[in-house]
Amino acid sequence: RQKHANKEPNVAANKLNDIPEAPQEVKKYLRDVAVENMERIKTAEIKKENQSNDADRASRKRKSETNEKLTEKKEAAMLEPGNRLIPAPLSHIPLKILLDIETELVYIDEEEISFEFAEVAMPAGRRSAPSVPRVDKQLQVALWDASDRYRQKNYAVAAAQFATALELCSKGVATGKPFDSSPEDISSIASFIETKLVTCYLKLGKPDLALNHSHRSIFLNPAYFRNHLRQAAVFRCLERYSEAARSAMIADYMYWLTGGTEQHISKLIKLYWQAMIEEAITREESFSVMYTPFVKKIKVDKTDKIKDTFAKKHPDYVEHIYTDPHGLHILPQTTEWSSPPPQQYLLTLGFRNKHIGKILEKLSSRKLPIFSDQKAPFSPITEEESRRHWETVGKKIMPVMDFIRSTKLTDNFCACSRVIEKLHYASILGRLQQVTEQSQVINQAMAELASIPYLQDISQQDAELLQSLMADAMDTLEGRKSDKERVWNKIEKIGIIEDFLYQVEDSYLKNKRLRAARREKMKMKRLQNTQQH
């Protein structure tokens, strides 16, 4: 770090040079946010006309998918210089702006609990005549008391009372008529309590305690955009900026998917998403990135030119350079979900550590992520191997994978790839007896699983895999032991066996070529001896 200390300001500036410039509307917000009237926005949200329905949601999704297919037919491979989509310098977004966004969108607290329930309980895409769950009287009293303490800024007492309310809910005390209640009603009430615990712990400056509650609020109600944004705020407080960026990206998509029409809200979410990407790039020391706009698959010669450009811009990160071959990266500055498919970018990464770069490039070519460096597929993993694996995966691989996902809404190969990554990591933590961290990772994976059907259409095979992963993750979280191996461990074992077979095959072919070369050499030597005689 001392070696590069004098270069750090320039390095940070160079990293930000490869992010597209913010739209004029966002720049205007940066100037005017200090005098923004928050109450006007809240009133506008409450009085917002109920316009969308389930059919409209489906239509939006079909339109997005149709437009995505049309993009692949475009001719130009690269955008011309001077286009506004070409990455341009961007100034750092001040912390005050982020805090203002959180005040408006994360810590929002209406006076009527019924209104909050109405928003949370609403089915995805439906805005007309929402039905408010009939809350059990005992639970309602506990919620009112907790909400009063929250508004009095007595957050510690409020958190304790919300925790009591959540315990009542878990014992079946949720609605006044439990036998007539739908699962959605019960989930909406539990999700509401989880979100309140998130905001209480954030106000207390304890984001580590808020983390699992933010995951569970999404698991219970994945279609509500504020749940994802609260998760982003928790990640920001924990300085996990890449994951915060992904949560903000999903929040913005969910807002549009469920019929959100307030452009002001969408712009604030995108600004938050952009700020998290910036923060992740500037704080990262092991790698740097460059985004290149494109409209169709790039040829090999173009990829080589991109790598040359990257090397000139980021000379400190050239030990290993590779471009994510699957594209589909999007940025908040150029993303409009309602218009034709968002501008897509190629992501090029450069590393200071050649070994880590090669591992990441290898992982990007797999259909399912396998992190294990286990050489013998049928031998048990020792604690020393697990610890060494955690040092590599947890501290060096996962941060890069999280950053790649921060601008990638869906996966090409498998819809559950990101979840499998997390669950592999959770298994490592479990072997190392790091129970708290394992619980957080599994809860995060379950939140992601619940969100997947909203982010993309999934095949029958993916749906079955999703259900299996969800069931095994729940069993692991609740400490249930089973004779059956966890799904993600089976996938890992299959991957290890495949790698082992490939290595055996490569070794066999290499030895075969060596033997052939040796025979040819002996043949030539005998021929030379014959000619001499």
Side-chain angles (χ1 to χ4, degrees), residues 15 19 207-208 211-212 214-215 218 228-229 231-253 272-289 291 317 322 324 326 328-332 345 347-353 356-357 359-364 366 368-371 389-429 437-438 440-449 451-452 455 488:
K15 287 184 174 185
I19 306 178
D208 53 323
L211 187 58
N212 272 342
S214 71
H215 299 329
I218 294 172
H228 296 277
L229 202 56
Q231 184 188 52
V234 174
F235 281 137
R236 182 193 70 78
C237 293
L238 292 170
E239 299 185 355
R240 293 164 61 173
Y241 299 107
S242 295
E243 292 164 284
R246 177 169 177 80
S247 297
M249 172 179 64
I250 295 175
D252 190 45
Y253 180 77
Y272 199 91
W273 173 17
Q274 177 184 335
M276 295 301 99
I277 294 173
E278 282 190 37
E279 209 61 60
I281 292 173
T282 54
R283 288 174 180 257
E284 184 54 58
E285 296 180 351
S286 64
F287 68 91
S288 189
V289 301
Y291 292 96
Y317 300 89
Y322 92 96
D324 184 5
H326 309 302
L328 296 180
H329 289 271
I330 55 177
L331 292 173
Y345 294 83
L347 173 62
T348 303
L349 300 102
F351 298 85
R352 283 178 170 165
N353 185 313
I356 297 301
I359 291 177
L360 263 298
E361 185 169 13
K362 183 180 178 181
L363 287 174
S364 68
R366 290 180 178 272
L368 290 174
I370 305 296
F371 294 133
H389 194 37
W390 177 76
E391 287 289 332
T392 302
V393 174
K395 295 185 177 180
K396 298 176 182 178
I397 301 298
M398 289 302 295
V400 188
M401 299 298 288
D402 286 333
F403 180 82
I404 292 173
R405 305 286 187 184
S406 70
T407 52
K408 201 171 184 178
L409 188 68
T410 60
D411 276 288
N412 298 47
F413 285 141
C414 173
C416 301
S417 290
R418 173 178 165 80
V419 178
I420 296 171
E421 291 169 10
K422 293 293 181 185
L423 292 173
H424 280 165
Y425 183 43
S427 291
I428 299 172
L429 293 171
E437 292 83 355
Q438 183 191 26
Q440 291 174 347
V441 173
I442 293 176
N443 273 299
Q444 183 181 359
M446 291 175 65
E448 189 79 24
L449 281 171
S451 303
I452 287 173
L455 304 182
W488 54 89

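Only this structure's heavy atoms are used, side chains among them; waters, hydrogens and symmetry mates stay out.
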How close do [X] and [Y] get, counting heavy atoms only, and between which atoms?
X: Y241; Y: R236; value: CE2-O, 3.8 Å
X: Q231; Y: S247; value: OE1-OG, 2.7 Å
X: L331; Y: W273; value: C-CH2, 4.1 Å
X: L229; Y: A251; value: N-CB, 3.9 Å
X: L455; Y: T410; value: O-CG2, 3.6 Å
X: F403; Y: A280; value: CD1-CB, 4.0 Å

[X] side chain near [Y] side chain, heavy-atom distance below 4.5 Å:
X: I397; Y: I359; answer: yes
X: D402; Y: R246; answer: no
X: V400; Y: F351; answer: yes
X: P332; Y: D252; answer: no
X: H329; Y: I404; answer: yes

Spacing of [atom1] belonging to [X] relative to [atom2] belonging to [Y], to within rounding of 0.5 Å:
X: S406; Y: L347; atom1: OG; atom2: CG; value: 8.0 Å
X: I218; Y: L449; atom1: CD1; atom2: CG; value: 12.0 Å
X: Q440; Y: L211; atom1: CD; atom2: CG; value: 4.5 Å
X: R418; Y: M401; atom1: CZ; atom2: CE; value: 9.5 Å
X: E284; Y: Y317; atom1: CD; atom2: OH; value: 8.0 Å
X: M398; Y: W390; atom1: CE; atom2: CH2; value: 13.0 Å

(message) Which label fits Y291 and Y345: parallel for a plane angle under 30°, tilted from 30 to 60°, or perpendicular past 60°?
(response) perpendicular
(message) One thing to verify: whether R405 and E448 come together as a salt bridge, which I'm taking to mean a side-chain N less than 4.0 angstrom from a carboxylate O.
(response) no
(message) For the backbone of E285 and the side chain of R352, can you confirm whether one donor and one acceptor N or O come within less than 3.5 Å of each other?
(response) yes
(request) Check the pair K408 / D324 against salt bridge (charged side-chain N to carboxylate O under 4.0 Å, His left out), numbers first and verdict last. (result) CA-CA 11 Å; K408 201 171 184 178; D324 184 5; 3.3 Å; yes
(request) Go through C416 and I452 one step at a time and tell me if the side chain to side chain contact (heavy atoms under 4.5 Å, CB included) criterion holds. (result) CA-CA 8 Å; C416 301; I452 287 173; 4.3 Å; yes
(request) For I428 and H424, run side chain to side chain contact (heavy atoms under 4.5 Å, CB included): C-alpha distance rounded to whole Å, both residues' side-chain angles, the deciding distance at 0.1 Å, then the answer. (result) CA-CA 7 Å; I428 299 172; H424 280 165; 5.7 Å; no
(request) Apply the test side chain to side chain contact (heavy atoms under 4.5 Å, CB included) to residues L360 and L349: give CA-CA distance (whole Å), side-chain angles for both, the deciding distance (0.1 Å), then the verdict. (result) CA-CA 10 Å; L360 263 298; L349 300 102; over 6 Å; no
